[in-house]
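One structure below.
Predicted model, so just to flag it, every value in this text is computed and none were measured.
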Amino acid sequence: MSLRIVGAGLGRTGTLSLKLALEQLLGAPCYHMAEVMAHPEHAPVWKEAFSGRTPDWTKFLAGYDAAVDWPAAALWKPISDAFPSSIILLSVRDPQSWWESASTTIFPRSREAEGPWREMIDAMFAHTFTTKLDDRDACIAAYERHNAEVRATADPSRLLEWTTKDGWEPLCRALGVAVPKDPFPRVNTKEEFVGRWKG
């Protein structure tokens, strides 16, 4: 197996819903931040990658047909270069809505991280985003800068921009598969995330 989808969209752009949807469409695992949590030995590999010492992506991501969300989205370019036939999937949402979600979910949660997990997150934000996670303007600027770079540098023939409202159809069209009869999975809302975190 090799990646058919390389997600370039940052966290809180519907990436967990995408993970579930792509796993259903592809019949294979999709890499997501949840995979790092399940495989803590991956955290040091990502930290090294953010410092410029990249792994052999074809070996590291073997067994997955897709990758979405941080940390993979932050390194979408070298990962998509390693899988030249993959679709580059940019999941997006309104910047203000994105900030309201990220600032109450993943950003405060990231400050509680420890050990290799914390080192990975610190390296990711320092090298590919911003470390000013309490600063609305800095985070929105980093978010918009990331999306603009993807739009400007990704091969247009490979790029698919997507929002959760788009649902199944654009994904299925790009992959050449039938649209499922099931409703598109919509999970991990801000309220669900905060409820799990506090629980």
Side-chain angles (χ1 to χ4, degrees), residues 5-23 29-51 61 64 66-77 79 89-150 161-165 184-199:
I5 296 276
V6 175
L10 300 183
R12 304 310 298 169
T13 60
T15 52
L16 188 55
S17 295
L18 267 178
K19 170 181 167 64
L20 299 178
L22 292 172
E23 288 178 341
C30 174
Y31 201 95
H32 179 278
M33 183 67 87
E35 296 296 304
V36 188
M37 300 169 105
H39 301 280
E41 70 276 10
H42 288 191
V45 178
W46 286 108
K47 181 202 169 188
E48 291 294 300
F50 291 124
S51 301
L61 295 171
Y64 296 92
V68 299
D69 194 47
W70 271 314
L75 294 173
W76 70 272
K77 185 65 170 69
I79 296 175
L89 176 60
L90 178 61
S91 53
V92 297
R93 68 189 290 183
D94 170 76
Q96 179 59 38
S97 170
W98 170 83
W99 160 252
E100 290 173 356
S101 178
S103 65
T104 56
T105 56
I106 55 177
F107 290 166
R109 184 71 179 91
S110 71
R111 286 190 283 270
E112 296 183 354
E114 298 178 345
W117 174 256
R118 180 56 181 268
E119 292 174 3
M120 179 200 78
I121 290 174
D122 286 349
M124 180 177 75
F125 287 144
H127 290 284
T128 68
F129 190 67
T130 179
T131 57
K132 299 177 180 178
L133 301 183
D134 292 322
D135 186 326
R136 172 190 175 279
D137 292 343
C139 287
I140 287 180
Y143 171 77
E144 293 185 317
R145 182 171 60 248
H146 171 88
N147 292 342
E149 181 181 357
V150 176
E161 191 162 335
W162 178 92
T163 72
T164 56
K165 292 179 182 178
F184 188 84
R186 300 188 188 279
V187 299
N188 206 30
T189 65
K190 179 174 66 175
E191 292 75 19
E192 288 171 346
F193 186 107
V194 171
R196 286 197 310 272
W197 179 22
K198 290 184 176 178

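Minimum heavy-atom separation, W76 to V150: NE1-CG2, 3.4 Å. Nearest heavy atoms, A72 versus W46: CA-CH2, 3.7 Å. The two residues E144 and P95 come nearest to each other via the heavy atoms OE2-CG, 3.3 Å. Looking at every heavy atom in both residues, A73 comes nearest to G9 through CB-O, 3.2 Å.
Using the six-membered ring where Trp is involved, W98 and F107 have ring planes that are perpendicular, over 60° apart on the 30 and 60° scheme. Under the 30°/60° scheme for interplanar angles, the aromatic rings of Y64 and Y31 are found to stand perpendicular. Classified by interplanar angle (parallel below 30°, tilted 30° to 60°, perpendicular above 60°), the ring pair H39/H42 is parallel.
Distance check: K47 NZ to M124 CE gives 14.0 Å after rounding to the nearest 0.5 Å. Note that the CZ atom of R186 and the OG1 atom of T164 stand 5.5 Å from one another [nearest 0.5 Å]. The line from CH2 of W70 to CD1 of I121 is 10.0 Å long, rounded to the nearest 0.5 Å. Between the CG atom in L18 and the CH2 atom in W162 there is a gap of 4.0 Å [rounded to 0.5 Å]. Summarising the geometry, atom CZ belonging to R145 is positioned 9.5 Å from atom OG1 belonging to T128; distances are rounded to the nearest 0.5 Å. Atom-to-atom distance recorded for D135:CG and S103:OG is 11.5 Å, nearest 0.5 angstrom.
The shortest distance between side-chain heavy atoms of K132 and C139 does not fall below 4.5 Å. Between V68 and L22 there is a side-chain heavy-atom pair separated by less than 4.5 Å. Side-chain contact between V36 and M33 is present, with heavy atoms from C-beta onward closer than 4.5 Å. Residues V92 and T13 form no side-chain contact, since every pair of their non-hydrogen atoms from C-beta on lies 4.5 Å or further apart. The shortest distance between side-chain heavy atoms of R12 and R93 falls below 4.5 Å.
Judged by distance alone, the side chain of T104 and the main-chain N or O of E100 form a donor-acceptor pair under 3.5 Å. In this structure a side-chain-to-backbone donor-acceptor pair under 3.5 Å is missing from E161 to L90. H127 places no side-chain N or O within donor-acceptor distance of the main-chain N or O of A49, the cut-off being under 3.5 Å. Between the side chain of W117 and the backbone N or O of S110 there is no donor-acceptor pair closer than 3.5 Å. Judged purely by atom type and a 3.5 angstrom limit, T15 has no side-chain atom pairing as donor or acceptor with the backbone of G11. At least one donor-acceptor pair closer than 3.5 Å links the side chain of S17 to the backbone N or O of P185.
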Legend entry - Check against side chain to side chain contact (heavy atoms under 4.5 Å, CB included), L61 and I79: CA-CA 9 Å; L61 295 171; I79 296 175; 4.0 Å; yes
Inset, instruction - Tell me, with the steps shown, if D134 and R111 meet side chain to side chain contact (heavy atoms under 4.5 Å, CB included). - result: CA-CA 11 Å; D134 292 322; R111 286 190 283 270; 3.1 Å; yes
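Shown here are the side-chain contact (heavy atoms from CB on, under 4.5 Å) partners of P44, two or more places apart in sequence or in another chain: P116.
Classification of E35 and K19 as a salt-bridged pair holds, one side-chain N sitting under 4.0 Å from a carboxylate O.
Heavy-atom contacts from other residues, nucleotides or ligands closer than 6.0 Å to CD of Q96 number more than 12.
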